[in-house]
Amino acid sequence: MIDNFFILDFSYDVVENKPVIYIWVIDKEGNRVVLLEKKFRPYFYALVDDSYNIDEIRKEILKLSKPYSPITSIDVEEKKYFGSPVKVLKIETVIPAYVRVYRDEVAKIKGVKSVLEADIRFYMRYSIDNNLKPFYWIEAEVEEIKENNFRVKKVYELKKINKLYEDKIPELKVLAFDIEVYNKYGSPNPRRDPVIIIGVWTKEGGKQFLADKYDDLRAIREFINFVQTYDPDIIVGYNINNFDWPYLLERANIRGIRLDVGRRVNGEPSQGVYGHYSITGRLNVDLYGFAQSIQEVKVKTLENIADYLGVLPKEKRTIVEWYDIPKYWDDEKKRDILLKYNLDDAKSAYLLGEVFIPFGIELTRISGLPLDQLSMASVGHRVEWLLMREAYKYNELIPNKEEREYESYEGGLVISPLPGIHEEVYVLDFSSMYPSIMIKYNIGPDTLVKGECENCWVSPVGHKFRKEPPGLYKNVLEKLIQERKEVKKLMEKTIDEYDKRVLDARQRALKVMANAFYGYMGWLGARWYSKEGAEAVTAWGRQIISDSAKIAKEKGFTVIYGDTDSIFVKGGGDINSLITEISSKFGLEIKIDKIYKRVFFTENKKRYAGLTEDGKIDIVGFEAVRGDWCDLAKQVQTNVIELILKSGKVEDAIKYVKSVIFDLRRYNFRIEDLIIWKTIDKNLDEYDVTAPHVVAAKKAAKAGYLVSKGVKIGYVIVKGSGKISDKAEPYFLVKEKNKIDVEYYIDKQIIPVALRILEGFGVKESSLKTGGVDILSFFKK
DNA sequence: ATCTTCCGGGG
DNA sequence: GTGTACGGAAGAT
């Protein structure tokens, strides 16, 4: 029988010593169904030295065959390796895990230069070879079989796939969840601390499963039951791969039950690659992975991200600090607040899912990486999966991952700013400069020429790249850019709001992917790593920017600033003729990114603040937009910038700063506004210096807080003697305002950030600290 | 006083 | 488990 299916995910299993691939799908009627593919077999390649007899090597390899998973075939194939033709042996076996066993043995055979493509997961191999990607439809020939191991409507054996095509996405069932844990002593420990609340949110609203005082058995059981009954296609949550899933698994284990939430009976979430938890038949999406790409939010907590994206504003939700949870649980009168907080978190996760999932779906459609993995995979891995799929189409072998030594190279050009206030400033921006350079000069590891070269592009730093034929990067980038053009064109013609949103998500995803190629090429872990390539990209970029600045000057413009792929100009003649000249000279698109009515520079690079024509203020690089300054300092700097840019009155700004200092000395502030956040980037014992945040982190660890790599530590400076670091305390250990060292905040936070702006106007530190201070705060007047 | 280490935002 | 450039704080010497 022939039917159509919408692909959600892939997985595989070994049944009776043979691999079976499961394709989790939805049929035309909306039934959740699984297709079993039983014929596909794992394989890998051996790259053979030309001076050896290939048949001899073949025989040697065949001798390795083991009865449990025999080598079923060895074929000679012609492939390309970094663009050059090579002969390889394709070695096929039965059980996927045996690829690893044979790989190591084959690598030792004389005449085998290397083994390739032996580290690709089995179901991904299948999806690459058959050009199958999640969120597309397939038309397939199938045969129904009887199986009771799956929580799906029907089980089919897949006979043949006729075609892959795009069509409307069926309505996907999404379930969001969040757990609360009872821990009185710092970091939660699943061996000791029970789960007290499991909150879920779906299209139909919220639901909570509560522990019986400190006994969580029933709550966990009810949660499992709810997931099975609701049967979601997608489960979302925030940081669930690092916390909720491992915690629930351990608790279930301790209580002697199985966390059986998948579409395979008696399955449990299992940890996969990229640290994600894989739930058979469902897509387990950790939204934290998507949140990390939001640069505008410094401290990426669920409430901050939900607030920033407007799905649940902070003032409309309940917040309970983690260290207060036991208090709220134990106090009958306060418990409702805790329950509300948990439900708000689950709801936030659900609503964030609505924002991120459409974008994630498009990234999956481009890269082929299933959504659950994609949500956790780094940008580099997303690019790599796309390249691997494309390489297969070009008959290119996929290079192995390699250990490499770090080597630094020169980056983008930053033109020193012209200090002061400027009016009517145009910001000219090269669109997708690095991808364009990679295409124009055919840059990549497979096009790099080390010796003499007749028909090559030579970069400003001397690296040569052959002009023809196009390399892998150029081929793939051109496809992405071409497709984006077509999507944008289609978008203009589209009226349907839903279709338009899909197309918009797609064009954003295509842009994000293309822009990530340069960073990928310079990443030490990349299969297609090329330091020369990355170096050449930035070198051409520097040349383009400095030449563009020259052209602007020749045309009578004043160049105020420039960074990597943009220049700021004012005055001169016709801006459009400048744009035309630059874009025709380099063959790159350059456009007016924005126009500043007023923009302000100090002598420093990468720091400026501007007022756009529509009255919006951009602050770049200053403390006001950095995460490692306390909120109060950021507010002060923001207000000073606004006062200067909007009215140009320095006097008002000075008065305002004085009023803030006055309030601090009267202890008229909130402790939260004084917290300084920094990231712990190493293990605590690896630090050579005793910086304040490291000391605070150690104190937090001592208080039971789990401090690991990548954790953000918030601290305040308290009164006392000695070094600043001795006075740094984790904020949650400081309850009283009068413990705060207000003089530190005045001298090291408020005055420096204010002066960074006001110094340019001749204001001195003394004029902020001395003189009469109004009794009333500045803004109260 | 100067050097070193560490960190984060943004083009 | 994408890149480099840059400014600034605070410790180390």
Students often get this wrong, so: under 4.0 angstrom with heavy atoms, is [X] touching a base, only sugar-phosphate, or nothing?
X	value
A:Tyr409	sugar-phosphate
A:Tyr608	sugar-phosphate
A:Gly525	nothing
A:Tyr406	sugar-phosphate

Would you tabulate the side-chain donor-acceptor contacts of residues 691-698 of chain A under 3.5 Å, counting partners in other chains and residues two or more places apart, or write 'none'?
none

Aromatic ring proximity A:Tyr238/A:Phe243, centre distance under 6.0 Å: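 Between A:Tyr238 and A:Phe243, the centre distance exceeds or equals 6.0 Å.
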
Centroid-centroid under 6.0 Å between A:Phe465 and A:Tyr441 rings: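 They do not qualify: ring centres at least 6.0 Å apart.
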
Interface with DNA chain B, restricted to residues 613-621 of chain A and to heavy atoms under 4.0 Å: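 Within this stretch, A:Ile619, A:Val620, A:Gly621 sit under 4.0 Å of the strand.
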
What is the distance, rounded to the nearest whole Å, between atom [atom1] of [X] and atom [atom2] of [N]?
X	N	atom1	atom2	value
A:Gln292	B:dG9	CD	P	13 Å
A:Tyr518	C:dA5	OH	C1'	10 Å
A:Gln373	C:dG1	CD	P	19 Å
A:Lys531	C:dT4	NZ	P	10 Å
A:Ile415	C:dA5	CD1	P	15 Å
A:Leu524	C:dT4	CG	P	8 Å
A:Asp565	C:dA5	CG	C1'	13 Å
A:Met438	C:dG3	CE	C1'	11 Å

Heavy-atom neighbours of A:Lys719 NZ exceed 12 at 6.0 Å: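 Counting other residues, nucleotides and ligands, NZ of A:Lys719 exceeds 12 neighbours.
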
P atoms of C:dG1 and B:dC6, separation to the nearest Å: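 Those two atoms are separated by 16 Å.
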
A:Asp563 bridged to A:Lys606 by N-O distance under 4.0 Å: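 Salt bridge present between A:Asp563 and A:Lys606.
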
Electrostatic pair A:Lys479:A:Glu390 at N-O distance under 4.0 angstrom: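 So A:Lys479 pairs with A:Glu390 through a salt bridge.
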
Contact state string [nucleotides 7-13 of chain C, B base, S sugar-phosphate only, - no protein heavy atom under 4.0 Å]: BSSSSS-

Residue whose nearest DNA chain C nucleotide is more 5′ - A:Arg542 or A:Phe517: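 This one resolves to A:Phe517.
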
Pairwise 5' ranking along DNA chain C for A:Gly412 and A:Trp523, keeping only the more 5' one: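 Taking each residue's closest nucleotide, the earlier one in sequence belongs to A:Trp523.
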
Qualifying side-chain hydrogen bond (donor to acceptor under 3.5 Å, both in side chains) pairs with a residue from residues 751-765 of chain A, counting only residues at least two apart or across chains: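 Applying side-chain hydrogen bond (donor to acceptor under 3.5 Å, both in side chains) to every pair that reaches into residues 751-765 of chain A, excluding sequence neighbours, yields A:Glu623-A:Arg756.
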
Step-by-step salt bridge (Lys or Arg N to Asp or Glu O under 4.0 Å) determination, A:Lys401 to A:Asp119: CA-CA 9 Å; A:Lys401 292 177 184 166; A:Asp119 58 351; 5.0 Å; no

From B:dC7, C:dA5, C:dT4, nucleotide with atom closest to A:Thr679 side chain: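 Of the candidates, B:dC7 comes closest.
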
Short side-chain N/O contact from A:His693 to OP1 or OP2 of B:dC6, under 4.0 Å: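 So the side chain of A:His693 is outside the cut-off, no N or O lying under 4.0 Å from OP1 or OP2 of B:dC6.
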
C:dT4 OP1/OP2 closer than 4.0 Å to side-chain N/O of A:Tyr434: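 So the side chain of A:Tyr434 is outside the cut-off, no N or O lying under 4.0 Å from OP1 or OP2 of C:dT4.
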
Result block: side-chain N/O donor-acceptor pairs under 3.5 angstrom for residues 516-525 of chain A, not counting sequence neighbours:
| unit_1 | atom_1 | unit_2 | atom_2 | d |
| --- | --- | --- | --- | --- |
| A:Tyr518 | OH | A:Tyr409 | OH | 3.0 |
| A:Tyr520 | OH | A:Glu384 | OE1 | 2.3 |
| A:Tyr520 | OH | A:Arg527 | N | 3.2 |
| A:Tyr520 | OH | A:Trp528 | N | 3.3 |

Residue list, side-chain hydrogen bond (donor to acceptor under 3.5 Å, both in side chains) with A:His422, at least two apart or on another chain: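 A:His422 satisfies side-chain hydrogen bond (donor to acceptor under 3.5 Å, both in side chains) with A:Lys570 once adjacent residues are dropped.
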
